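Some notes on the structure that comes next.
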Amino acid sequence: MWMLCAALLALGSVQCFSRDSKAVTTTLTTKWPSTPLLLEARLAYYQTVVHISDTDLAYYDLILKRASVLLSPVQLNLLKLALSLRAYSSTVHSFQQIASNEPPPPGCKAFFNIHGQTSCDTERLKVMLDNAVERPKPYLFKGDHKFPSANPDAPVVILYAELGTKEFTGFHQLMLAKANKGLITYVLRHFLSNPSKGRVHLSGYGVELAIKNQEYKAKDDTQVQGENDPVDEVQGFLFGKLKTIYPELKEQLKELRKHLIESTNEMAPLKVWQMQDLSFQTAARILAAPSVDALNVMRDLSQNFPTKYFKGTLGLQPGDSALFINGLHIDLDVQDIFSVFDVLRNEARVMEGLRSLLIDTPYIHDILKLNVQPSDSDYAVDIRNPAVNWINNLETDGRYASWPSNVQELLRPTFPGVIRQIRKNFHNLVMILDPTHENTAELISVAEMFYSNNIPLRIGVVFVVNDSDEVDGMQDAGVALLRAFNYIADDVDSQMSFDAIISMFNRVPSGGKLKVEHVVGVLEKRYPYVEISSILGPDSAYDNNRKEGKAYYEQTGVGPLPVVLYNGMPLQREQLDPDELETVVMHKILETTSFFQRTVYLGELNSDHDVVDFIMNQPNVVPRINSRILSTNRNYLDLSATSEFLSDWVHNKLFFQYDGIIRPVTFWVVGDFDQPSGRQLLYDAIRHMKTSNNVRLGVINNPSENTSNEKSLIARAIWAAMQTQTANNAKNFITKMAKEETAQALYGGSDIILLHFSALQGMDVPLFKSAYESPNVNFLLAHSAYCRDVLKLQKGQRAVISNGRIIGPLEEGEVFNQDDFLLLESIILKTSGERIKAKIQQASDLVMKVDALLSSQPKGEARIDAVKIRPKEEEVYFDVVAVVDPVTRDAQKLAPFLLASLCFKISCNIFPFFLLSFYRYVLEPEVSFMADSSFAPGPMAKFLDMPQSLLFTLNLNTPESWMVESVHTRYDLDNIYLEEVDSVVAAEYELEYLLLEGHCFDVTTGQPPRGLQFTLGTASDPVIVDTIVMANLGYFQLKANPGAWILRLRKGRSDDIYKIYSHDGTDSPAEADDLIVVLNNFKSKIIKVKVQKKPDMMKEELLSDDTHESDSGFWTSITRYKYLSVNGSFFISFRGLTGGSKPEEPKQEKDDVINIFSVASGHLYERFLRIMMLSVLKHTKTPVKFWFLKNYLSPTFKEFIPYMAEKYDFQYELVQYKWPRWLHQQTEKQRIIWGYKILFLDVLFPLAVDKILFVDADQIVRTDLKELRDFDLEGAPYGYTPFCESRREMDGYRFWKSGYWASHLAGRKYHISALYVVDLKKFRKIAAGDRLRGQYQGLSQDPNSLSNLDQDLPNNMIHQVPIKSLPQEWLWCETWCDDASKKKAKTIDLCNNPQTKEPKLQAAVRIVAEWSDYDQEIKRIYNNFLEEKERGTTDSYQQTDRKHPGETNLSFSF
């Protein structure tokens, strides 16, 4: 034997791979056709068009060759990864779906659309363009390829064509020529006239082969016919090839193969002392390997750990694992490979940008780690202003004298929620009010409540009133109140003034406004002997802070009145409701206390400090609130790209020069300096520059009209001065030119030399005059083109560019003054300017460019400084660091990703944790090919060399937004036993849908509108899918394939009661009536929608008792199958994302239908499920509709169920729901299924379904379930059967009789979840689903709670969501019920027996007399089905051609 082995090893044809012919393979494909790599490459990085080549490999190489001219080596590697991931396939298909909605004209391989009219005839183009103005412009999506046009108002022409085809070339050249002439706006969308018949093979997902607990035998005994074996290697021997070459050695080869299989699949348990240092030993093994093989060793050890090291567990927690890319933490539990690819691509862009700025490679990562992102903190304004009238002062007022004044009191322990009363002004509330505003009275009353209840809050008011000297207090109520306040404050104190204005507002009727007589009334009562006109009249001396108050309000820029500041921070508008304001302020006090505690503890604040000064010196305090500047939604120029720069000649003359001084802040002022608004902006910028040593200033002229010498006097003068004079002389001259009186005089005919004689002192006048009078205006044309093409500004628009950040365009009349420039400078200095200047220490230009590049990155966490491995000098690289315990689940996920990375370093954190599964992460760094240069079949998870004595279950770990289903396999993927497999278990999955998630709230109440329904569709088919909004976070989910979809409120009560108020994350403009959502990538899409009740529907409720919806809720978004009988033929209508005509479902009165919900996973439980269904149908004459959870059904079940539905005349639907990302995830398949049984009952079924019965798959029904459906639940939302207690020998296993459960239930029954009835109307009305999910979220964090999730959760919630106990005969189970009670049983459940652990099948035959007859009947039906299928008579109901959204409805016919 071994001589044969040695001889075979010497054969050069034998490759060395460790594989076993008994393998498990998994593939995942898209539902849509395969898309050309050329189109994906164009979307990924570059715009070059290539011609189709002879072979796939040549085609791919040509794409990379053309791309390499435009891309750096790092970007080229990322392009290879993108093509391998097929990351842009969904984008290409989204254009295909958009094109199908046009629809394409018949016979056209490419076509164009002009304002709704389509054609592929270029001779019609002119006519269509001429009448295009009569039709509205089409909606353009964010991802559209829009070519530059000289005329933005030109008609929009959308070309649908495939790159690389002759049709595209002809149309493209024609459209581009017209766009360059300004005749059209040209938009290109990809369109394949003849899509591929193949599917896209995906990667970027994980496959787990988990070792299954065999305590209870749950494996079907039905034999499955094997499939072809694609893997014929065992430990490097190609036995198929060897048998062909050496047929005479067939028996010996068979023996050798058997010996190799048996010798490689041993899994001897490890001893305890062997396991103690297992992680350390594994890490040492990895680090001892050659550097080029280290990751391969890690992958092999971690992903095959059960084979090599598994048996036994110590119950220890896993070691912490982490991944960092350039110091950015990547959470692989949250981020999938597609979001990681985006991180890599963005990092590459920044690194290449820094490299293009000639920054040395070793310093690039140091600069990357500079934290230059804008702060998320709330900005505040300085409240130390005389305009603030302080009502009280905690530090000096006598009413607070008994309070301690030592700041150390903050550190004294107190009960949570207690507000400390300390005689320091830690908390300051300033109200900026117009006394005549209708809300002022309510806000003043809240302030009075704080004051009277001795809340440790310093209160101030700023009155913003008419500041005209011609208006007095006898005419204006606001002026009257201000003067009255000042008079009383002078006479007594501010507290008395505050009390007086409260009295004044108490005289204002509800809903009214303050009037002069209200003020006069209070003054006459309090000061009867004083002449009121002396206080309020024209000669009043009590105008203190009248002008100052308005000036402070305008200077701070805090927005429309009223405004409330907490420690200088403006509260949101919605927080100013009186009830809300009280709560918000109290929360602010508690939140801010922790900040002060930290500062006191660190010694940054002590009792000698002025607390208000300390607060106002914090970095979030700015001189002025300007929403444009403070917004975190920022737009930056790419100053590292030469294409976006002015020419060197223009750029070098752009700035006021300051030789040799590095200034971290660069402002470009953009405007028409021959207009007053542009000059004012420039004047304010210069005034600010004169006060700061950190700023340099540049000017870009954006003329309102066509450039000429006569219309550009000021602009030419500024330019001439900057070109010819020293920095200081130019600054003084331009300051003079920016003044309005100078411009008026110059345009009035004055000579510029005489006009500015004083300003010209020290200037080179002849040189200036020569430049000024030159007829050359090329510089003005260059500025104008830059504003149009790069800054995207219209003629005459103003803007400020701050270190590459575009602030603008500024609105006409919008103020951007010296304070705004100061604010802008202070933010740059705090976030980026000083840090970059300190790191670079070169030119101001470089500081500006680096700042623009770094600040444009998406905001994320701070970077971690980690050990780096330096690659070749001058080569840009990623710094990838993994901290991982090599024998954890994280290591299984990380290793394949690290293999695709450029550099790595492993640091091991040693915590032993023993893996209970094999794992493969499907990821290939580059597209692979066959020997004949054709594309390889695609990425595949391969489990080779597997132990055959264990029972496995297969799970997919996909990105959050993917909804996948198993579409082809003959084996039971829930129970894989390789000893019974002839060759290979091949599992084929399909990406059925991408998930669209959202959150919805009612703007009036701030609460989610429970029961609100949304629909998703197209213009021609508006209701393709729909969903129901949860109360938990207002969450909803919809599913679709790539494309553009329209989101609407569902017609009916949702649309009658509500309207859409606003939306975020959609692809529609804010004012659009229809919400367009584009799904064009594999990443998650999350939107936010706010709704509002219609004025005449304010008292209506969605879930009222008389709610009747004519159609389904989530049921249409869930893939639906319906049984229909039409003219004697049987149809199964596939509904979901399949547009077209939908056959009407036979209408049944809902009271005449028994709705039964059940779940099953694995062939055995599907076998039980079919028998349960048969037992139900044989005991009722009432129509039955079954609802099955689709998520875990096998392809075999889904293929057979239509046939069974015809034979037994029942309806069914396959419901599907993705576990929400925010709800605590379960990892074990059985616990996930338990969760689906209880957690989503309110959103799985239509509102029209009043009651649903859950029946376990392994039950046998012996009665008419109509009786259970009609059972009176006496107001409870659901009814369960209690556990039997009559079989006394099982008392030791009744865990609910002692401990926690006995105490919690307090005499109530513990109920079994195998059978229950739900009153869905009541269930939704009391928000039972939301309560159950909330309780689950809290309890599931503890791994030891909710052991039996589907049972423990409702029993735990029995006090909040009551359970109606059903009579005991409704569920009999031999494990818990005695034999005497069996004869009364209405259903029999095959409960597991913890005492005997009897296998399910054996128990079924023994316990239920009729079970075998049912089983044989189903087998006969199934065999008939297989025979008909083999004869080809069932082709019409087999789902052979999966339709896509927008295509015709798919029917199955018998």
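As a basis for the values below, the full set of heavy atoms in this structure was taken, side chains included, without hydrogen atoms, waters or symmetry mates. Just so you know, these numbers come straight off a predicted model, no measurement behind them.
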Legend entry - From CA spacing to verdict: side-chain contact (heavy atoms from CB on, under 4.5 Å), Tyr1336, Leu1346: CA-CA 8 Å; Tyr1336 162 81; Leu1346 300 177; 3.8 Å; yes
Legend entry - Set of residues satisfying side-chain contact (heavy atoms from CB on, under 4.5 Å) with respect to Ser966, sequence neighbours excluded: Thr969, Leu973, Tyr989, Pro1195
Inset, instruction - Keeping the roles fixed (side chain from Ser1054, backbone from Gln1013), state whether a donor-acceptor pair exists under 3.5 Å. - result: yes
Legend entry - Any donor-acceptor N/O pair, Ser1175 side chain to Val1261 backbone, under 3.5 Å: yes
Inset, instruction - Return yes if some donor-acceptor pair links the side-chain N/O of Trp1045 with the main-chain N/O of Asn1041 below 3.5 Å, else return no. - result: yes
Legend entry - Check: Asn1355/Asp1352 side-chain N/O donor and acceptor closer than 3.5 Å: no
Inset, instruction - Just jot down the ring pair (Phe, Tyr, Trp, His ring centres under 6.0 Å) partners of Phe1197, sequence neighbours excluded, or say none. - result: Phe1188
Inset, instruction - Please step through salt bridge (Lys or Arg N to Asp or Glu O under 4.0 Å) for the pair Arg1048 and Asp1055, ending with a clear verdict. - result: CA-CA 8 Å; Arg1048 296 185 177 98; Asp1055 185 56; over 6 Å; no
Inset, instruction - Give a yes-or-no answer on whether the side chains of Thr1015 and Asp1026 include a donor-acceptor pair shorter than 3.5 Å. - result: no
Legend entry - salt_bridge(Arg1221, Glu997) N-O dist < 4.0 Å: yes
Inset, instruction - Would you check if the side chain of Gln1337 reaches a backbone N or O of His1224 as a donor-acceptor pair within less than 3.5 Å? - result: yes
Inset, instruction - Would you check if there is a donor-acceptor pair between the side chains of Trp1187 and Asn1155 at a distance under 3.5 Å? - result: yes
Inset, instruction - Using a strict cut-off of less than 4.0 Å between a Lys/Arg side-chain nitrogen and an Asp/Glu carboxylate oxygen, indicate whether Lys1198 and Glu965 qualify as a salt bridge. - result: yes
Inset, instruction - Evaluate side-chain contact (heavy atoms from CB on, under 4.5 Å) for Cys1391 paired with Ile1312, printing each intermediate quantity in order. - result: CA-CA 10 Å; Cys1391 303; Ile1312 189 169; 4.1 Å; yes
Inset, instruction - Would you mind reporting whether Ile1086 and His999 have side-chain heavy atoms less than 4.5 Å apart? - result: yes
Inset, instruction - State whether Glu1417 and Lys1178 are salt-bridged, where the test is any N-O pair (Lys NZ or Arg NE/NH1/NH2 against Asp/Glu carboxylate O) under 4.0 Å. - result: yes
Legend entry - Glu1166 side chain to Ser1194 side chain, donor-acceptor N/O pair below 3.5 angstrom: yes
Legend entry - SB check Glu1369 Arg1262 (cutoff 4.0 Å): no
Inset, instruction - Could you label the plane-to-plane angle of the Tyr1422 and Phe1425 rings as parallel, tilted or perpendicular, counting under 30° as parallel and over 60° as perpendicular? - result: tilted
Legend entry - Contacts of Ala1328 that satisfy side-chain contact (heavy atoms from CB on, under 4.5 Å) - sequence neighbours left out: Phe1323, Ile1326, Val1361
Legend entry - Pairwise side-chain contact, Pro1008 with Met1030, heavy-atom cut-off 4.5 Å (strictly under): no
Inset, instruction - Just do the side-chain contact (heavy atoms from CB on, under 4.5 Å) check on Ile1024 and Leu1016 with the steps written out, would you? - result: CA-CA 6 Å; Ile1024 296 178; Leu1016 196 68; 6.0 Å; no
Inset, instruction - Find out whether Arg1050 and Val1023 are in side-chain contact, i.e. whether some heavy atom of one side chain is under 4.5 Å from a heavy atom of the other. - result: yes
Legend entry - Step-by-step salt bridge (Lys or Arg N to Asp or Glu O under 4.0 Å) determination, Lys1218 to Glu960: CA-CA 9 Å; Lys1218 181 81 171 180; Glu960 286 287 347; 5.3 Å; no
Legend entry - Non-neighbouring partners of Asn1191 that pass side-chain contact (heavy atoms from CB on, under 4.5 Å), sequence neighbours left out: Leu1189, Gln1216, Tyr1236
Inset, instruction - Could you verify whether a donor N or O on one side chain and an acceptor N or O on the other, from Gln1259 and Thr1387, lie under 3.5 Å apart? - result: yes
Inset, instruction - Could you grab the distance from atom CG of Leu995 to atom OG of Ser961, nearest 0.5 Å is fine? - result: 7.0 Å
Legend entry - Face-on cation placement of Lys1185 at Tyr1212 ring, 6.0 Å and 45° thresholds: no
Legend entry - No-hydrogen, no-angle side-chain donor-acceptor test under 3.5 Å, Lys1266 and Thr1180: no
Inset, instruction - Work out which heavy atom in Gly1334 is nearest to a heavy atom in Asn1032; give both atom names and the distance. - result: N-ND2, 4.4 Å
Legend entry - Side-chain donor-acceptor pair present, Thr1281, His1311, cut-off under 3.5 Å: no
Inset, instruction - State whether the side chain of Arg1269 and the backbone N or O of Val1153 hold a donor-acceptor pair below 3.5 Å, judged by distance alone. - result: yes
Inset, instruction - Dump the intermediate steps for ring-ring contact (aromatic ring centres under 6.0 Å, His included) on Phe1240 and Trp1219, then the final yes or no. - result: CA-CA 9 Å; Phe1240 309 110; Trp1219 196 288; 5.6 Å; yes
Legend entry - 4.5 Å side-chain heavy-atom contact, Thr1196 and His1163: yes
Legend entry - Contact summary for Val1159 and Ala1257, nearest pair of heavy atoms: O-CB, 3.7 Å
Legend entry - Test side-chain hydrogen bond (donor to acceptor under 3.5 Å, both in side chains) applied to Tyr1280 and Gln1351, step by step: CA-CA 10 Å; Tyr1280 285 74; Gln1351 278 176 184; over 6 Å; no
Legend entry - Worked check of side-chain contact (heavy atoms from CB on, under 4.5 Å) between Phe1157 and Leu1253: CA-CA 6 Å; Phe1157 175 47; Leu1253 312 182; over 6 Å; no
Legend entry - Polar side-chain atom of Thr1027 near backbone of Leu1038 as donor-acceptor pair, under 3.5 Å: no
Inset, instruction - May I ask you to decide if Pro1220's main-chain N or O and Gln1225's side chain share a donor-acceptor pair within less than 3.5 Å? - result: yes
Inset, instruction - Please check if the side chain of Lys1181 supplies one atom and the backbone of Asp1264 the other of a donor-acceptor pair under 3.5 Å. - result: no
Inset, instruction - Scan side-chain atoms only and decide if Tyr1414 and Gln1416 contain a donor-acceptor pair under the 3.5 Å cut-off. - result: no
Legend entry - Close side-chain approach of Tyr1165 and Lys1400, heavy atoms under 4.5 Å: yes
Legend entry - Residues forming a side-chain contact (heavy atoms from CB on, under 4.5 Å) with Ala1327, sequence neighbours excluded: Arg1010, Asp1330
Legend entry - Heavy-atom side-chain contact between Ile1156 and Phe1254 under 4.5 Å: no
Legend entry - Candidate pair Ser1365 and Lys1309, rule side-chain hydrogen bond (donor to acceptor under 3.5 Å, both in side chains), full reasoning: CA-CA 8 Å; Ser1365 295; Lys1309 301 284 188 180; over 6 Å; no
Inset, instruction - State whether Asp1242 and Arg1333 are salt-bridged, where the test is any N-O pair (Lys NZ or Arg NE/NH1/NH2 against Asp/Glu carboxylate O) under 4.0 Å. - result: yes
Inset, instruction - Search all heavy atoms of Arg1167 against all heavy atoms of Asp1415 and return the closest pair with its distance. - result: NH2-OD2, 2.7 Å
Inset, instruction - Find out whether Ile1260 and Trp1411 are in side-chain contact, i.e. whether some heavy atom of one side chain is under 4.5 Å from a heavy atom of the other. - result: yes
Legend entry - Any residue meeting disulfide (SG to SG under 2.5 Å) with Cys1377, in chain and number order, not counting sequence neighbours: Cys1284
Legend entry - Residue pair Ala1404 / Leu1390: nearest heavy atoms and the distance that separates them: CB-CD1, 3.5 Å
Legend entry - Side-chain donor or acceptor of Asp1256 paired with backbone N/O of Asp1258 under 3.5 Å: no
Legend entry - Side-chain ion pair, Glu1213 and Lys1190, N-O less than 4.0 Å: no
Legend entry - Pairwise side-chain contact, Ser1158 with Phe1186, heavy-atom cut-off 4.5 Å (strictly under): no
